[in-house]
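Have a look at the structure below before the remarks.
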Amino acid sequence: MNSKQNLQQASYSIGVVSRLTGISAHCLRMWERRHGLGPSRRTEGGQREYSKVDLDHLFLVKQLVDSGMRIKDIAALPQKTLTLISNKPANESIEVSQSFNTVVIGKDFTQLFNKHPNRYPALAVEFPAVSVEQWLNTSTENASAKILLLQAEKISQQTLAKLKYYKQQGCSIFFHHPTLSTTAKEQLSKEGIYANDAPINLELIDTFTSRAKKEQTYISGLFDSSRKFNLPLPATIPNYFSEQALTEAASKSNSITCKCPSHLTELIRSLNAFEEYSQQCGANNWKEASVHACIYAYTTQARGLLEKALLAALDEH
């Protein structure tokens, strides 16, 4: 908010602002504390005094929050930007730097998305009028989907296999089932699929979509790095050695004169650790994601080459 206030302007107490905007006094205090949406000035006694500019700003923020946008996403935006956003037609999405094709299936997911149409401006959402099973079995029609929010009433091994397939194609998946077994949860989690059986709410969707957008940016970076530097995709380079196999390979070097297997084993272990670490690196923007993706791709390639060298060293002896 603009702190250069004309002292001749009318001022409003927090109670008056609350009545005029419909924002509770408690919420106003919280927004001030968490997001800096406080009044332009205070009296000598510490009482809040909101200006007309402050009041207009809060009206805009309240309007956008009511339309489904998150306070943390708009709190720092200047009033001019808020005005432009609030004046957009309801069917016109807010301009974002990147759009993610998203498929939403299930009554609860669909109701929440329809109730808050502006909450996820980075998602280009489709609502297929089919069951999860039907959608998963039409793979040729779903090539553009990147983020999946799927609410299923039943689950089968075929469904689990299809979810794994879509994950391998680079999709970010939130799978919800009301009675998901611990075994199924563990199986899906192992594949990197976000699985849940708790009641669906906005907090769950917020958590997943935030994670999915970062993941999709990272995946895009992997494909970009693969094309740009002519690197094989990490998923195409298998692990030739398990941890146990590496231990056995290292022990063989004790019985032979050449120490190559021992040194190679040490290098491979280090690359395995860094490969895992590089997947967990956070990225706040496209450039960072591309850099981390490139590092991951190079590390995986290096690990694969050293494993082949270890195989050759072991075969020679």
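We number each residue from 1, following the sequence as shown.
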- Task: Compare all side-chain heavy atoms of Val17 with those of Ile14 and state whether any distance is below 4.5 angstrom.
- Result: no
- Message: I need the minimum non-hydrogen distance between Ile193 and Lys164, along with the two atoms involved.
- Response: CD1-N, 4.2 Å
- Smallest heavy-atom separation, Gly38 atom then Tyr50 atom, equals C-CE2, 4.1 Å
- Test side-chain hydrogen bond (donor to acceptor under 3.5 Å, both in side chains) applied to Lys154 - qualifying residues, sequence neighbours left out: none
- Within-4.5 Å side-chain heavy-atom neighbours: Ser172 and Tyr194: no
- Task: Using only heavy-atom distances, determine whether the side chains of Thr265 and Ser262 contain a donor-acceptor pair under 3.5 Å.
- Result: no
- Query: Can you find a pair of side-chain heavy atoms, one from Leu314 and one from Phe241, that are under 4.5 Å apart?
  - Reply: yes
- Look only at the side chain of Gln187 and the backbone of Leu160, and say whether a donor-acceptor pair between them is shorter than 3.5 Å. no
- Is there a donor-acceptor contact under 3.5 Å linking the side chains of Arg19 and Ser13? no
- Task: Classify the ring geometry between Tyr120 and Phe113 as parallel (under 30°), tilted (30 to 60°) or perpendicular (over 60°).
- Result: tilted
- Query: How far apart are the C-alpha atoms of Thr110 and Lys107, what are their side-chain angles, what is the distance that settles it, and do they pass the side-chain contact (heavy atoms from CB on, under 4.5 Å) test?
  - Reply: CA-CA 5 Å; Thr110 300; Lys107 181 181 69 176; 5.9 Å; no
- Task: For Ile205 and Leu149, work out which heavy atoms get closest and say how close.
- Result: CG2-CD2, 4.1 Å
- Message: Here's a test for you: under side chain to side chain contact (heavy atoms under 4.5 Å, CB included), which of Leu148, Ile105, Val103 qualifies with Val132?
- Response: Ile105
- Item | Shortest non-hydrogen contact from Pro128 toward Val104 | CD-O, 3.6 Å
- Message: Run Leu136 and Leu150 through side-chain contact (heavy atoms from CB on, under 4.5 Å) and show every step you take.
- Response: CA-CA 10 Å; Leu136 289 173; Leu150 309 174; 4.2 Å; yes
- Query: If you look at every heavy atom in Ala152 and His177, which pair is closest and at what distance?
  - Reply: O-CD2, 3.4 Å
- Message: For the CD atom on Glu203, are there more than 12 heavy atoms of other groups (residues, nucleotides or ligands in this structure) within a distance under 6.0 Å?
- Response: no
- Hey, are Glu133 and Lys162 close enough for a salt bridge, meaning a charged N less than 4.0 Å from a carboxylate O? no
- Query: Given side chains that start at C-beta, do those of Thr209 and Thr102 come closer than 4.5 Å, heavy atoms only?
  - Reply: no
- Determine the minimum heavy-atom distance between Leu264 and Ala313, stating which atoms define it. CD1-CB, 4.2 Å
Side-chain donor-acceptor distances from residues 25-33 under 3.5 Å, at least two apart:
unit_1: Glu32; atom_1: OE1; unit_2: Arg48; atom_2: NE; d: 2.6
unit_1: Glu32; atom_1: OE1; unit_2: Arg48; atom_2: NH2; d: 3.4
unit_1: Glu32; atom_1: OE2; unit_2: Arg42; atom_2: NH2; d: 2.9

- Query: Can you find a heavy atom in the side chain of Arg269 that is under 4.5 Å from one in the side chain of Thr247?
  - Reply: yes
- Measure up the His176 and Phe174 rings against each other and bin them: parallel (under 30°), tilted (30 to 60°), perpendicular (over 60°). perpendicular
- Query: Are side-chain heavy atoms of Arg303 and Thr300 found at a separation under 4.5 Å?
  - Reply: yes
